[in-house]
Amino acid sequence: MNRRLYMWLKAVVGIGVVLLLAYKYRGVRTFQKVYVVENKNEQSGHPPYSVDNFNNHKTNLNTHNNEVSKTKTDSKTFKPNPDHNCIATIPEKYITNGEQPVLIPDDQELTSLPDNVVGCLYHRYVTTLQYFCGYKERIGQIPRNGWYICADPSFVPSSKNCVVFSSNKKFNDNIFLSDIKARYNCRTFTTPLSQSDSLQSWITKNDVGNTVIDVLTLSISTYTELEVIDKMVEEKSIGKVKQLLLELHFDPSVTKKKDYIKLLKRLQILFQAGLRIIWYDRVFQCVGVNKFNKCYAIYFVQRSLEDKEHTFKEMILPSEDKIRKLPTQELQDLYFRYLMTTQFLCKQIVRIGKVLDGGWDVCHDMMLKIDRNPCIVYSFGINNDFSFDDDMANTYNCNLHSFDPTMNKKDFKHSEKVWFYNRGIGDTYKKFRSGYVAPLDKIRKDLKHDKVPIAVMKGDTEEAEWPSTLQMLRTNQLADVSQFYLEFHSKGTVADHVILLKKLHDAGFRIFWFHTNPACFFKAKIGQYSRCMEVYFMNTKYPFNS
């Protein structure tokens, strides 16, 4: 064979291989060197994982005619006393597995309910998710002057004609407007809404015609201002809003039953108009004397404006070698984007413990589902605050094992179901402060828990999370941990930190919730990041039906 013919055949074979690989991996896309994988069975509003669409580590998604079969939720109820989290107070008929997990009765039925039930319906409704958005991007500042937006392809602001209306009066939106303009090239307008200046009138004044309002920020703090919602629905302008970022400011210490009914009525109107809650934020500046906030930031998307051709794609981190070769800025962007992308839909999120630092957000959906006999919870990093541990024991009747070697206290029984140990978590056994630290496998063996599943494990251990979690993965100690909560301390510029996230993902852990600690923020390329990120993982391989 002459050289020319050989080179021609080699080229043909090469083209054939490229075409074959392109066909084989046609469902894969990349974003800033971050792999996202298309799920062909995925429906709008559904994540890759949720309580409804997987059974256990031995079964796959069951689909029939492209519909995900829903598993039956454990109907066992809890009887916490006192019921700080409104779990037992709300009658079971108002809690569902549907798109509206907390149902709002009609006015007549609401009026007949006890005052505490109506108040609980409001506070549980605004802290329950109804629809799925994977990537939540923080625009503006973290401590206060900012908002999250849904940056999934199905709801992300338009790259061609983005329009943002600001009707928020509770804080200055200028930083948010400046950042969203820089990020998405949006046209921004200040549009204070009232009965005389409705949303439709602002649309006309600003000459945006039939253009979709990509984002509308709105704050409401009086019952008269609630009529703004009535007006938007009446004139049907609310149907043009793709994302509604709403703050409701109503102090529970002075809010009466009739006032809660007014609030619930407007929330029901928004639901009927097609708006679904995809995220919420307990504004920490609004923390009250009990578990109920004085205000909530609630994030809605309009279902009718969803781009069904460009849906959420699960984020898959690149290989370890590629992670190590990333430039610092790309590595940091990858780290924070991953931590702010949820991949598991938990609808009912219950704050256990304090609203401020010391409390943690539990996926109530999964607590209803797993076998809780026994219910074991490990709590690493107490710092003399047992609020989470006490509340967890009271709410879910769990046995709490609390660890902290920095409190200068010997082992003791804190309460009927809470035990304290003068030790902490680490990757090796060694002396530390007044106690010692040890790997999880040794701690479980010492407590005779090496064959007992752990319902929840949380850790706030001031950077010890990095070596200790790696050791847990190496020894397979996380295989029977259902929910795993960590506060990560990092600026996202260390390759090993991103690699640990990849290892957690490969082990089956998916993020269902996160919280950006406002005390640790620093300036990013656009907006801000926080070097203290509370991240909540669900173990999708947890054998909770076994």
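- Here Lys417 does not pair with Asp390 in a salt bridge; the nearest charged N to carboxylate O distance is not below 4.0 Å.
- The pair Lys409-Asp404 fails the salt-bridge criterion, with no side-chain N (NZ, NE, NH1 or NH2) lying under 4.0 Å from an Asp/Glu carboxylate O.
- With no hydrogens or angles considered, no side-chain donor-acceptor pair links Asp441 and Thr475 at under 3.5 Å.
- Across Tyr131, Phe132, Phe155, a single residue satisfies ring pair (Phe, Tyr, Trp, His ring centres under 6.0 Å) together with Phe312, and that is Phe132.
- Judged by distance alone, with hydrogens and angles left aside, the side-chain atoms of Asn394 form a donor-acceptor pair with the main-chain N or O of Pro82 at under 3.5 Å.
- The distance between the ring centers of Tyr378 and Phe403 falls below 6.0 angstrom.
- For Lys170, there are no salt bridge (Lys or Arg N to Asp or Glu O under 4.0 Å) partners, not counting sequence neighbours.
- Pairing each heavy atom of Phe292 with each of Cys86, the nearest pair is CZ-SG, 3.3 Å.
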Residues Phe514, Tyr536; criterion ring-ring contact (aromatic ring centres under 6.0 Å, His included); working and verdict: CA-CA 6 Å; Phe514 66 83; Tyr536 298 77; 9.2 Å; no
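- A side-chain donor-acceptor contact under 3.5 Å links Ser402 and Asp389.
- Annotation: salt bridge (Lys or Arg N to Asp or Glu O under 4.0 Å) contacts of Arg124 (sequence neighbours excluded): none.
- For the side chain to side chain contact (heavy atoms under 4.5 Å, CB included) test, residues two or more places apart in sequence or in another chain that qualify with Ser530 are Ile142, Thr516, Asn517, Cys520, Cys532, Met533.
- Checked by atom type, the side-chain pair Tyr396/His364 shows a donor-acceptor distance below 3.5 Å.
- With sequence neighbours excluded, the residues satisfying side chain to side chain contact (heavy atoms under 4.5 Å, CB included) with Ala151 are Tyr135, Glu137, Val156, Tyr184.
- Contact of the Gln343 side chain with the Thr540 side chain is not registered, since no non-hydrogen atoms from C-beta on lie closer than 4.5 Å.
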Criterion ring-ring contact (aromatic ring centres under 6.0 Å, His included) on Tyr485 and His515, from CA distance to verdict: CA-CA 11 Å; Tyr485 315 153; His515 167 64; over 10 Å; no
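- Aromatic ring centres of His249 and Tyr296 lie farther apart than the 6.0 Å criterion allows.
- In this structure the side chain of Tyr335 reaches within 4.5 angstrom of the side chain of Phe488, judged on heavy atoms.
- Asn168 places no side-chain N or O within donor-acceptor distance of the main-chain N or O of Thr217, the cut-off being under 3.5 Å.
- Residues Met392 and Met367 meet the side-chain proximity criterion, which asks for heavy atoms closer than 4.5 Å.
- Proximity of the aromatic rings of Phe300 and Trp279 is defined here by a centroid distance below 6.0 angstrom, and this criterion is not met.
- Put simply, the side chain of Asp152 gets close to the backbone of Gly134: a donor and an acceptor are under 3.5 Å apart.
- Side-chain atoms of Glu465 come within 3.5 Å of backbone atoms of His489 as a donor-acceptor pair (strictly under, hydrogens ignored).
- By the side chain to side chain contact (heavy atoms under 4.5 Å, CB included) test, Lys502 pairs with Leu317, Ile323, Asp506, sequence neighbours left out.
- Looking at Ser490, its side chain does come within 3.5 Å of a backbone N or O of Gly492 through a donor-acceptor pair.
- Ion pairing between a basic and an acidic side chain is recognised when a charged N comes within 4.0 Å of a carboxylate O; Arg423 and Asp411 show such pairing.
- When only modelled atom types and interatomic distance are considered, Ser387 and Asp385 share a side-chain donor-acceptor pair under 3.5 Å.
- Remark: Lys458 does not engage Glu487 in a salt bridge, criterion side-chain N to carboxylate O under 4.0 Å.
- Contact of the Leu500 side chain with the Leu473 side chain is registered, since non-hydrogen atoms from C-beta on lie closer than 4.5 Å.
- Under the 3.5 Å distance criterion, the side-chain polar atoms of Thr96 are matched with a main-chain donor or acceptor of Gln100.
- Side-chain contact between Tyr49 and Leu345: absent, with no pair of heavy atoms (C-beta onward) separated by less than 4.5 Å.
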side-chain contact (heavy atoms from CB on, under 4.5 Å) evaluation trace for Asn85 with Asp391: CA-CA 9 Å; Asn85 302 297; Asp391 201 4; 3.4 Å; yes
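- For the pair Arg138 and Tyr148, the cation-pi criterion (under 6.0 Å, within 45° of the ring axis) is fulfilled.
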Thr469 vs Leu504, side-chain contact (heavy atoms from CB on, under 4.5 Å): CA-CA, chis, key distance, verdict: CA-CA 9 Å; Thr469 304; Leu504 281 168; 4.1 Å; yes
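- Within the 3.5 Å criterion, the main-chain N or O of Pro405 finds a donor-acceptor partner in the side chain of Ser434.
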Stepwise side-chain contact (heavy atoms from CB on, under 4.5 Å) test for Val102 and Leu121: CA-CA 7 Å; Val102 178; Leu121 279 171; 3.9 Å; yes
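- Looking at heavy atoms from C-beta onward, Asn422 lies out of side-chain contact with Lys410 at the 4.5 angstrom threshold.
- In this structure, Tyr529 has its ring center no closer than 6.0 Å to that of Phe521.
- Asn539 and Ser482 share no side-chain donor-acceptor pair at under 3.5 Å.
- By the 4.5 Å heavy-atom criterion applied to side chains, Met315 and Tyr338 are counted as neighbours.
- Relative ring orientation between His401 and His449 is described as perpendicular, the plane-to-plane angle rising above 60° on a 0-90° scale split at 30° and 60°.
- Using the six-membered ring where Trp is involved, Trp466 and His497 have ring planes that are parallel, under 30° apart on the 30 and 60° scheme.
- At distances below 3.5 Å, at least one donor-acceptor pair connects side-chain atoms of Lys136 with backbone N or O atoms of Cys133.
- Salt bridge annotation for Arg351-Asp361: present, with a cationic side-chain nitrogen under 4.0 angstrom from a carboxylate oxygen.
- Residues Glu92 and Tyr94 bring no donor and acceptor atom of their side chains to less than 3.5 Å of each other.
- Side-chain contact of His505 with Glu314: a donor-acceptor pair under 3.5 Å is present, judged by distance alone.
- Partners of Arg144 under the salt bridge (Lys or Arg N to Asp or Glu O under 4.0 Å) rule, at least two apart in sequence or in another chain, are Glu247.
- Taking the ring centroids of Trp147 and Phe171, they lie under the 6.0 Å cut-off.
- Between the side chain of Gln285 and the backbone N or O of Pro143 there is at least one donor-acceptor pair closer than 3.5 Å.
- Side-chain contact between Ile425 and Ile443 is present, with heavy atoms from C-beta onward closer than 4.5 Å.
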Stepwise salt bridge (charged side-chain N to carboxylate O under 4.0 Å, His left out) test for Glu320 and Lys503: CA-CA 10 Å; Glu320 293 187 24; Lys503 290 180 182 294; 3.1 Å; yes
Criterion side-chain contact (heavy atoms from CB on, under 4.5 Å) on Tyr299 and Leu275, from CA distance to verdict: CA-CA 9 Å; Tyr299 297 86; Leu275 288 161; over 6 Å; no
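- Between Met538 and Phe344, the shortest heavy-atom distance links the atoms CG-CE1, 3.5 Å.
- You'll find the ring centres of Phe420 and His414 outside the 6.0 Å limit.
- Of the charged side-chain nitrogens involved, none lies within less than 4.0 Å of a carboxylate oxygen, so that Lys369 and Asp365 do not count as a salt-bridged pair.
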